[in-house]
J.: 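Below is one structure. I have some questions about it.
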Amino acid sequence: MSWHPDADTLRLFAQDAARLPMPLFRTVKFRLIGLGVVLIVVGVLVRQAVMLPAVRDRVHEVAADAQLSIATHLARDIANNLRGRRALIGELVATLPPALLAQPAQLAAWLGERERLNALFDRGLRVLQPDGERVADSPQAAIGNPSPWPAVAEADWFRAALASEGPVVSRPQRNGSDGAPVIIVAAPLRDAGGRVLGVLAGELRLDAGGLGDQQEQTRLGAGDGFLVISPADGLFVASNDPARVLQPTPAPGVNPLLDRAMAGYRGTGIMVEQGTDKLASIAAVPDTGWLVVAHKPTAEVAQPVAELRRLLWRNSFGTMIGLSLVLLVLMPRLLRPLTDAARAIREMADGRRELAPLAVTRQDEVGDLLLGFNSLVARLHDKEQTLLQTLQQLDQLAGTDALTGAWNRRRFYEAVAQEVERACRYRHPLALILLDVDLFKGINDRYGHVKGDEVLQVVANCIRATLRTSDSLTRWGGEEFLMLLPETDLANAAVLAERARACIAAHHIDGIGSVTASFGVAELGDAESRDEWIARADAALYRAKQGGRNRVEADRAVSGRKAEPDGLVKLVWHSSFQSGDAELDAEHRALFDDINALWTLVVAERPIDEIRATIDALYRKMVRHFRDEERLLQRIDYPELAAHIQLHDALVGRADALLEDFRRGRADFGALFAFLAHDMVAKHIVSQDRAYFSYLSKSGQARCL
């Protein structure tokens with residue numbers, strides 16, 4: 001028997017169901033709160049999976065660069081430390097009166113006075129006879145070494161000092177009196193005839209005083225440390241841990257990074273030190289054969305990233321809880337128009353309210369909900385922007401030289417790949433300039449590294465003043481800079497290099513005066529790799545150094561792409577202009593290129609100061625070429641040499657008159673180009689120079705015979 005409810009029964013069931021409370025998980029409030037929580041969690045997970053690994057990589061790069069800088073700084077300080085002590089021993093030997101060797105008391109007082117004025121040897125000074133017997137000690141040596149050094153006559157350093165003309169440094173060793181780790185700097189004392197009268201020796205501790213304190217001052221973090229290693233002796237020379245001084249280095253295979261360092265590796269890597277992974281950077285100590293290893297626990301390197309991860313989780317959970325409370329309090333009010341409408345509809349269905357259209361008083365319920373959601377998104381966006389700014393700052397630090405503000409090599413390699421691809425695709429010229437500050441080591445040695453850094457900053461500023469917006473400046477090495485010049489051929493790059501050279505030479509630096517720089521210019525050739533291109537610029541820089549410094553040399557071995565304005569008149573080199581002498585033809589072609597570059601600046605209406613600097617550089621090159629040519633003609637016994645010299649003098653006189661007009665503000669570019677194109681090129685180089693071509697050929701045949 002089946003039962004079929006009637007319409008009234010169905011209506012009663014519907015009314016009863018409507019009166020039942022709605023389950024919480026079906027409410028709009030629950031769904032909106034759940035949606036907000038899901039969005040926050042997803043955002044955090046995305047940032048944990050995508051952003052934090054990128055931050056970790058950036059932090060690791062910055063830490064590696066910092067560690068390498070610390071290691072290099074330590075190595076330089078140790079080298080300077082030892083160099084200063086050798087110099088002091090040399091000065092003391094040179095000034096020690098030989099007569100004091102027979103007066104031990106007066107000699108000890110003499111040593112004590114020098115030790116007080118320049119206490120570079122914390123274990124004191126000692127004078128020994130050629131047979132190793134002690135003559136006299138400084139006060140510090142008498143305190144630290146109450147008993148004689150054992151077997152001094154057989155010591156390697158003592159025999160080396162007797163045979164040497166200058167100071168020598170011993171191997172790291174332990175003092176025979178108290179077992180302290182030391183090194184000894186010694187030099188022979190000779191009479192006027194060169195006979196050895198004795199040996200002056202200074203002793204320096206390795207674990208405290210001496211080398212140890214200076215390295216300890218450079219430590220940055222609680223877990224940072226350093227090791228100074230002598231690969232030849234297989235010993236730790238110095239360390240932030242005194243217990244490791246003069247201990248043997250680990251056996252091969254125990255510490256792979258140290259094994260690579262012993263084999264010649266210099267750079268940064270991960271090593272296991274006393275059971276802990278550490279980020280280590282290795283640098284060589286000049287003049288000693290030693291290595292410096294600056295290390296930092298990898299956990300300390302990763303600590304900022306871990307803190308950032310914890311901050312993200314804390315903020316996300318806080319935001320989640322706060323948002324839930326806000327929605328629980330405000331949602332009933334935000335949804336009240338909707339619930340009021342639902343209640344009214346139910347009353348109408350029950351017949352307790354007359355059927356009538358519901359007035360829509362406002363249409364902002366969904367808008368309020370969207371504004372709340374947009375507020376949440378805005379807050380998350382602000383956090384994201386802050387993190388992106390942090391990434392940009394880290395990227396800027398990783399790609400910029402802190403001292404000069406120029407790019408570093410990593411940033412250059414990223415940019416040059418795009419420029420090379422663009423130049424090859426569109427057949428546009430691309431040039432670079434490699435420059436080196438002349439005699440920079442002497443500046444550091446004489447004025448100190450602070451002044452040296454100031455010189456590098458001044459040089460970088462001078463270069464920037466000559467660069468265009470599209471150009472870039474990279475610090476290539478210690479005192480080397482590299483300029484990348486898009487849309488620039490060899491001739492215009494040489495002009496820009498000359499302007500930079502003149503700017504640097506004209507700048508006065510307080511306490512130093514003026515400095516100069518040498519420049520190598522190269523244009524990217526067809527099918528040429530980046531490294532080959534840079535190598536040609538480096539070779540040109542080397543020629544500039546060899547040629548006397550403070551000059552610009554352009555590499556013309558590879559033909560580049562010419563970027564010339566449409567319709568620009570230019571001088572074109574032809575094979576018929578060749579004399580047969582490679583150097584002479586190269587100078588002629590260089591003059592052609594420089595004249596074309598000058599005319600390009602004139603047509604482009606560049607500033608008059610830039611044009612005047614280019615004219616001055618072209619004038620100097622012309623005069624230098626005339627003198628080179630005259631020496632060549634004299635070497636081949638050219639019979640018309642005197643007449644040819646008169647032609648050169650006439651051209652120089654004409655050039656002097658034109659330069660004087662430019663200096664007085666009477667610039668006549670038409671007369672200038674007529675002189676260069678007609679008098680200099682067409683009349684002299686192309687016509688008058690041909691008179692000695694046959695003599696060059698005869699001279700070459702005679703040399704072959």
J.: Please determine whether a side-chain nitrogen of the Lys or Arg among R664 and E660 lies less than 4.0 Å from a carboxylate oxygen of the Asp or Glu.
T.: yes
J.: Does the pair R620/E498 count as a salt bridge with the N-to-O cut at 4.0 Å?
T.: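 E498 and R620: salt-bridged.
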J.: Just checking, any donor-acceptor pair under 3.5 angstrom between side chains of Y619 and D656?
T.: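 Yes.
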J.: Answer whether the closest heavy-atom distance between the side chains of V450 and E454 falls below 4.5 Å.
T.: no
J.: Which is it for M483 and D471 under the side chain to side chain contact (heavy atoms under 4.5 Å, CB included) test, yes or no, and what are the steps along the way?
T.: CA-CA 7 Å; M483 291 178 273; D471 303 333; over 6 Å; no
J.: Keeping the roles fixed (side chain from W407, backbone from R475), state whether a donor-acceptor pair exists under 3.5 Å.
T.: no
J.: Does R536 pair with E528 as a salt bridge, N-O distance under 4.0 Å?
T.: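 Salt bridge flag = yes for E528 with R536.
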J.: Is it the case that more than 12 heavy atoms not belonging to F440 sit under 6.0 Å from its CZ atom?
T.: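 Enclosed.
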J.: Heavy atoms, side chains only, cut-off 4.5 Å: are L676 and V681 in contact?
T.: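 Side-chain contact under 4.5 Å: no.
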J.: Please confirm whether the backbone N or O of D510 pairs with a side-chain atom of K451, one donor and one acceptor, at under 3.5 Å?
T.: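 Such a contact is found between K451 side chain and D510 backbone.
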J.: Look at D593 together with R556 and state whether they make a salt bridge at an N to O cut-off of under 4.0 Å.
T.: yes
J.: Could you check T474 against L484 for side chain to side chain contact (heavy atoms under 4.5 Å, CB included), going step by step and ending with a plain yes or no?
T.: CA-CA 8 Å; T474 299; L484 182 63; over 6 Å; no
J.: Counting only heavy atoms not in R468 (residues, nucleotides, ligands), do more than 12 fall under 6.0 Å from its CZ?
T.: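 For R468, atom CZ is crowded (more than 12 foreign heavy atoms under 6.0 Å).
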J.: Would you call R624 and D628 a salt bridge, taking side-chain N to carboxylate O under 4.0 Å as the test?
T.: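 D628 and R624: not salt-bridged.
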J.: Does a side-chain N-to-carboxylate-O contact under 4.0 Å join E553 and R551?
T.: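 Looking at R551 together with E553, the answer is yes, because their closest N to O distance falls below 4.0 Å.
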J.: Taking S518 for the side chain and N550 for the main chain, is one N or O donor matched with an acceptor at less than 3.5 Å?
T.: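 Yes.
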J.: Identify the heavy atoms of V185 and P167 that sit nearest to each other, and give their distance.
T.: CG1-CB, 4.4 Å
J.: Please find out if less than 6.0 Å separates the ring center of H644 from that of F626.
T.: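 H644 vs F626: aromatic centres not under 6.0 Å.
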J.: Could you tell me if the side chain of I433 sits less than 4.5 Å from the side chain of F481, heavy atoms only?
T.: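 Side chain of F481 against side chain of I433, heavy atoms only: no contact under 4.5 Å found.
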J.: Should we say atom CZ of R589 is surrounded by more than 12 heavy atoms from elsewhere, each under 6.0 Å from it?
T.: no
